[in-house]
> 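Pasting in a structure now, in structure tokens, and then I'll have a few things to ask.
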Protein chains: 2
Amino acid sequence: MKAQILIVEDDKDLIELLEYRLSKEGYETLGFLSTKNVKKVINEEIIDLILMDRNLPDIEGSEFISMLREKDGMDIPVIYLSAKDSKYHVREGFLRGGDDYVTKPFEMTELMLRIEAILRRTKKNSQANNVTFRDIHLDLNSRIVIIENREVELTKLEFDLLHTLIIHQGNVLKRDFLLKNVWGKGAGYQGRTVNVALNRLKEKIDPDKSKDYIKTVRGVGYTIQ
Amino acid sequence: MKAQILIVEDDKDLIELLEYRLSKEGYETLGFLSTKNVKKVINEEIIDLILMDRNLPDIEGSEFISMLREKDGMDIPVIYLSAKDSKYHVREGFLRGGDDYVTKPFEMTELMLRIEAILRRTKKNSQANNVTFRDIHLDLNSRIVIIENREVELTKLEFDLLHTLIIHQGNVLKRDFLLKNVWGKGAGYQGRTVNVALNRLKEKIDPDKSKDYIKTVRGVGYTIQ
DNA sequence: ATTAAAGGTTACATATTGGTAACAAAATAT
DNA sequence: ATATTTTGTTACCAATATGTAACCTTTAAT
């Protein structure tokens, strides 16, 4: 899907130029001469990136963005366009991660490269590596576990165990299988090892035993389904 | 900031002429009669462009540049100066993208135009290039670190480590990953190397341990989120 | 209901892992 | 060359995750 880029810039000609080039690069554009209707549009449209003039007649572009971020939790990356000397402003620390800064006059090609870079970066962040079962969500990158909208802290072993169970959901996993796949050893463990680990996990993900995520299959192993 | 141009040319008079004209155009210059100390200077100074004689008495100029590029990852654009009757030809393909070639005797003005063009093209490197996490701001060009509006001094290793963590924020980075990406070696380090480095960094960016920027994920690695 | 087998629970021992400080080596600056 | 800073290494300590064993509970077959 085409990325939508919102432009806020008081120079009409520059908007036109930007829109021309951006559409040639395959982006959708929305141009605004002031911040007037921007907030509304942001709430209604899916905007991937904002090109923001920093020196607008009515309000500081970065002020406006900060406000949106703080008050509305706006999270769209921004590239600021500014005539002012960059060094001075960069130090100010108004830039967030993912944001960038380009001084006018700028090379159109350079701007395109930066836009591309930012869009690539944010796209990647949103393509998280998740695994889900009912209301259990595992993020494999951050190793964060969310159960019923609450974050649950699991140890490495517990996380790996739950991960394995969910990947193979619907199957009953035998102790040997779990030992091999989670503990990673052919043998060397005896007795209740898997047993205890499983029950520790059960306790953590469902303390009041109301959800019954993990089922014990007597004589065989464990399953999640 | 003025661009710094390094000149390697065995003709003393030509160096002088170049330096005279370049400084008139507003560039800083560094002249060398041979490649002898060039490598050292490149590592110490911020050089924006190299003017390199291709027919040096001791070594082929382009040989020298290739070596720097391959072995040290040198990435500065080069304009080669070469006598027209030289046995070497442009066709040889020793030019990289961004590099250029000028035959002696050359029009000074033409050379200036080419220099300008190359610098304009590579200028993006000197522009805002930042990375941010919460109230930590890294300026990748100046390598200045601002935390809570205060400048914090980090060593190279610490800076690179923090940079890597922030780029991959949200993900838990394993020791192996950090070793490869920050230390840049397949192996060769043992024991608590990563460990100690991380804790030194933690101490510097959050001395009173109130911010908890970097989290240890036991059994896995470290993360910033 | 009795019983035996399987799984759950608990407490504790042990192993793993990370933090820390001190020092050595390497890199840098003077 | 010498001093200083940075980085790697080691040894030790603290935290905590995990394995184990002993004991308890549940299940299901009789």
Side-chain angles (χ1 to χ4, degrees), chain A residues 143 145 152-165 172-176 178-209 212-224, chain B residues 37 39-45 72 143 145 152-162 164-165 172-176 178-209 212-224:
Chain A
R143 298 184 75 93
V145 182
V152 175
E153 300 237 320
L154 297 186
T155 67
K156 174 177 152 54
L157 182 70
E158 288 158 358
F159 186 96
D160 294 345
L161 206 45
L162 184 54
H163 180 203
T164 303
L165 284 164
V172 180
L173 306 184
K174 301 193 174 72
R175 284 177 187 66
D176 286 352
L178 288 172
L179 271 176
K180 208 181 269 171
N181 283 275
V182 179
W183 279 259
K185 299 174 189 183
Y189 291 97
Q190 336 142 353
R192 310 261 86 71
T193 297
V194 177
N195 219 301
V196 173
L198 251 302
N199 284 301
R200 280 170 179 159
L201 175 60
K202 280 185 180 181
E203 168 68 19
K204 277 209 190 162
I205 65 177
D206 182 22
D208 41 341
K209 297 177 190 188
D212 204 31
Y213 296 112
I214 298 173
K215 282 177 197 128
T216 303
V217 181
R218 210 182 154 84
V220 190
Y222 296 88
T223 187
I224 214 171
Chain B
N37 299 306
K39 189 174 164 181
K40 190 157 162 275
V41 170
I42 284 174
N43 288 327
E44 287 169 359
E45 298 276 332
D72 302 281
R143 297 182 76 90
V145 182
V152 175
E153 299 239 319
L154 296 186
T155 68
K156 172 179 152 49
L157 181 70
E158 288 158 356
F159 187 94
D160 293 345
L161 206 46
L162 185 54
T164 304
L165 283 164
V172 179
L173 306 184
K174 301 193 173 73
R175 284 175 186 67
D176 287 352
L178 289 171
L179 271 175
K180 209 180 268 169
N181 283 275
V182 178
W183 279 259
K185 300 175 187 183
Y189 290 95
Q190 336 143 350
R192 313 261 90 70
T193 297
V194 176
N195 220 301
V196 173
L198 251 302
N199 284 302
R200 281 169 179 160
L201 175 60
K202 279 185 183 181
E203 170 68 21
K204 274 208 191 161
I205 66 177
D206 183 21
D208 42 341
K209 295 177 190 188
D212 204 31
Y213 295 113
I214 298 173
K215 281 179 199 126
T216 303
V217 181
R218 192 170 232 271
V220 188
Y222 295 88
T223 188
I224 214 170

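Letters go in sequence order (proteins before strands), and every chain restarts at 1.
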> Between dT25(D) atom P and N195(A) atom CG, what is the distance in whole Å?
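Value for this atom pair: 16 Å.
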> Within a strict 4.5 Å, meaning less than it, do heavy atoms of the L201(B) and L165(B) side chains meet?
yes
> How far apart are the closest heavy atoms of Y213(B) and I224(B), and which atoms are they?
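The pair with the smallest heavy-atom distance is O-CG1, 3.2 Å.
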> So, is W183(B) near the phosphate of dG8(D), with a side-chain N or O under 4.0 Å from OP1 or OP2?
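Yes.
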> Figure out the CZ/C1' separation between R192(B) and dC13(D), and round it to whole Å.
12 Å
> Counting just side-chain N and O atoms, does K202(B) come under 4.0 Å of either OP1 or OP2 of dG19(C)?
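Indeed, a polar side-chain atom of K202(B) lies that close.
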> Would you indicate, yes or no, if dT17(C) has its OP1 or OP2 atom less than 4.0 angstrom from a side-chain nitrogen or oxygen of Y222(B)?
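Answer no for this pair, as no side-chain N or O of Y222(B) is under 4.0 Å from OP1 or OP2.
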> Between D160(A) and K156(A), is the closest basic N to carboxylate O distance under 4.0 Å?
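Salt bridge: yes.
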> Taking the side chain as every heavy atom from C-beta outward, state whether K174(B) and Y222(B) have any atom pair closer than 4.5 Å.
no
> Is there side-chain contact between L154(A) and L162(A), with heavy atoms separated by less than 4.5 Å?
yes
> Is the distance from OP1 or OP2 of dT17(C) to the nearest side-chain N or O of T216(B) less than 4.0 Å?
no
> Give each protein N/O atom lying under 3.5 Å from an N/O atom of nucleotides 10-14 of chain C, with the pair distance.
| residue | atom | partner | partner atom | Å |
| --- | --- | --- | --- | --- |
| dA11(C) | N6 | R200(A) | NH2 | 3.3 |

> Could you tell me which non-hydrogen atom of L178(B) sits nearest to which non-hydrogen atom of L161(B), and how far apart they are?
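Minimum heavy-atom contact is CD2-CD1, 4.2 Å.
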> So, does T155(A) get its side chain near the phosphate of dT16(D), meaning an N or O under 4.0 Å from OP1 or OP2?
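No, no such contact exists.
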> Take atom NZ in K204(B); do more than 12 heavy atoms of anything else shown fall under 6.0 Å from it?
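Yes, enclosed.
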> Could you give the angle between the helix axes at the two ends of the helix from dA1(C)-dT30(D) to dT30(C)-dA1(D), with five pairs per end, rounded to 10 degrees?
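Inter-axis angle at the termini of the helix from dA1(C)-dT30(D) to dT30(C)-dA1(D): 30°.
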> Strictly by modelled atom types, are T216(B) and K202(B) linked by a side-chain donor-acceptor pair under 3.5 Å?
yes
> When you check the phosphate oxygens OP1 and OP2 of dG19(C), does a side-chain N or O of K209(B) lie under 4.0 Å from one of them?
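Answer is no, no contact under 4.0 Å.
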> Check this for me: does any side-chain nitrogen of one of R200(B) and E158(B) sit under 4.0 Å from a carboxylate oxygen of the other?
no
> Rounding to an integer number of Å, can you tell me how far L157(A) CG sits from dT16(D) P?
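About 17 Å, once rounded to whole Å.
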> Taking CZ from R218(A) and C1' from dA6(C), how many angstroms apart are they, rounded to a whole number?
4 Å
> Closer than 4.0 Å, any side-chain N/O of T193(A) to the OP1 or OP2 of dT18(D)?
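Result: no.
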> With side chains defined as the heavy atoms from C-beta onward, is the minimum distance between D212(A) and K215(A) less than 4.5 Å?
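The answer is yes, as the side chains (C-beta and beyond) meet within the 4.5 Å cut-off.
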> Within this structure, what is the CG-to-C1' distance between L201(B) and dG18(C), rounded to whole angstrom?
16 Å
> Nearest whole Å is fine: how far is dT7(D) P from L179(B) CG?
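Taking CG of L179(B) and P of dT7(D), I get 14 Å after rounding.
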> Rounding to an integer number of Å, can you tell me how far K204(A) NZ sits from dG8(C) P?
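Distance, rounded to whole Å: 18 Å.
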> Whole-Å distance between dA22(D) C1' and N199(A) CG?
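Spelled out: CG on N199(A) to C1' on dA22(D) is 16 Å.
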